[in-house]
Amino acid sequence: MTDDQWFREAVVYQIYPRSFQDTDGDGIGDVPGIIDRLDYLHTLGIDVLWLSPIYRSPQDDNGYDISDYEDVDPTFGSLADVDRLIEQAHAPGIRIVMDLVVNHTSDEHPWFVESRSSRDNPKRDWYWWRPARHGHEAGTPGAEPTNWQASFSGPAWELDETTGEYYLHLFSRKQPDLNWENPQVREAVYAMMRWWLDRGVDGFRMDVINMISKHVGPDGSLQDGRPIAGTVLGDGTPFYICGPRIHEFLQEMHREVFDGRSQKYLTVGEMPMVTVEEALLFTDPARHEVDMVFQFEHVDLDHGEHKWDRKPLDLRDLKASFGRWQEDLADIGWNSLYWNNHDQPRAVSRFGSDAPEHRVASAKLLGSVLHLHRGTPYVYQGEELGMTNVPFAGPQDFQDIESVNYYRTAIEAGADPEWVLHNLRLGSRDNARSPMQWDASANAGFTTGTPWARVNPNYPEINAEAAVADDASVFHHYRRLIELRRSEPAVAHGHFTMLAPEHRTLYAFMRTFEGTELLVLANFSADELAVTGDDVPRLDRWSGADLLLGNLADDPSSVVEPLRPWEARILRRTT
Ligand code: GLC
């Protein structure tokens, strides 16, 4: 491994600053709060911090709508605070990665304010402006230039009365899409990225970066997508996911921003709907695009027709998906590994069990399984405590724009409110955004004010102070997993082999590296599970193996005895 591949041995911790730690009593987390918790993060052992956006923003999508890329929103602190954070994180060797949101800006960004001011403004072409559909009057139903649905419900086009044209927004109407076809846009983005690198940050997590290239016809036209059942809208994704110039744009970005610098920065592309074949191109080091992609296949497996149509997860599908990504990126390219982030419900409630008797074991099991795959693991704040989904009482409890818009449009379309609420409880991003649970004091130690989002009522039991004090906690299990990555080369570098792909509750795989074999056995159920020679070939060879890390209080008498409910064992033998 060369130095510029350091990320292969690293663990990333994601902070959602709004919900991490408040220090000024306004009920919203801030950068000084992150600085205050660096010791905690250092104890956990992580290498990289990725911060969700802290830039100036009207907060329509909690900071993913940016109005000034080169300043910090006063809610979160100041540039001086960020400088302090970089310096204090770097001291023990923790790198800082910023969120880069450049598929769109806020509609309050000066670029867009100028762009919308007149049809002949020099920045008009920095965004996607189109007249009403041919033969339709602007502002009438169906007059949008294409039928695309926005990710946050409703049409992806908004009419701007000033000039009588529509602008494209793949997310909220306050997030207009930048036009990457325009070289001035690209140059402005690259200049901003260089400005952050010069300030000392160590890389970027690139928000929905595979949406920046749109399919444009020779005459500048965009096309309608396949109709979406039950709506008048269509699916535009084939026209903007991994579009025709995406690789060119990322290579250009690499040249303009990273080439010629002595440091090796981290670049992670968040890429909805990316295929493994595309990911191979994006992450082939020889192509100079990004180090890894953040893909969604495994977190979409419990969706039916769409995100709000939830179905139970079949473990065989999960293994098939992970297995294929492991295999296809084995020789070239690299995986990122995650269960959680600020857009996903809590993993222990979704893939494990948040029932009191199983929560700790299943949270640890999920950690063991994920961290032992090949790739760079991401820990989302609170995952290391086994934080759970929030018990939302009713629709009024949801704040996220995606959830609020979904509720409104589903009810308007005649859906049963109980069913909509059920889907929200399972799938809402608000589940991940409740405040970090630090201790058993008021508001879980997150704020002395009124928290912007309700603290999960289970905080007196589930909190960092209690977890750090308890050697058998989820926290210490994660700490051990991170340590294992450093002490055992097979974890970062071993070859991966999936076992028992058709088993409904056993997740089993092997890692092999220079005479070391690791076997991971995980029971994804509340029933005892006997592992047999059909599941793990030549199981007898493992009877004398070392138990590197288990997840239950008492070790099994033999490493191959039946797995207890939600038990996960990591075994090691030398060949
Ligand atoms: C990404 C972010 C998500 C945001 C969206 C639009 O998916 O992770 O939180 O809403 O992009 O920026």
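In listed order, ligands and their atoms are each counted from 1.
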Within the 3.5 Å criterion, strictly below it, is a donor on S57 or D65 matched to an acceptor on the partner's side chain?
yes
Going by heavy atoms, is E402 under 4.0 Å from ligand 1?
no
S106 and S67 side chains, donor-acceptor separation under 3.5 Å:
no
Honestly, for F294 the part within reach of ligand 1 (heavy atoms, under 4.0 Å) is neither
From the candidates D61, N62, D65, D60, the one that places a heavy atom nearest atom 4 (C) of ligand 1:
D61
Looking at W452, does the NZ or CZ of R18 lie under 6.0 angstrom from its six-membered ring centre and within 45 degrees of the ring axis?
yes
Could you tell me which atoms of ligand 1, counted from 1 in the order shown, lie closer than 4.0 angstrom to a heavy atom of E270?
1 (C), 7 (O), 8 (O)
For atom 8 (O) of ligand 1, the protein heavy atom that lies nearest, with its residue and separation
D343 OD2, 2.5 Å
Less than 4.0 angstrom from a charged side-chain N to a carboxylate O is my criterion; do E165 and R124 meet it?
yes
Atoms of ligand 1 close to V208 [distance to a heavy atom under 4.0 angstrom, numbered from 1]:
1 (C), 7 (O), 11 (O)
Exam field: side chain D202 to backbone V97, donor-acceptor pair closer than 3.5 Å
no
So for M211 against ligand 1, with non-hydrogen atoms under 4.0 Å, the contacting part is neither
I'd like to know if R350 pairs up with D302 as an ion pair, taking the criterion as any Lys NZ or Arg NE/NH1/NH2 lying under 4.0 Å from an Asp or Glu carboxylate oxygen.
yes
Measuring from non-hydrogen atoms of Q344 to any atom of ligand 1, is the shortest distance under 4.0 Å?
no
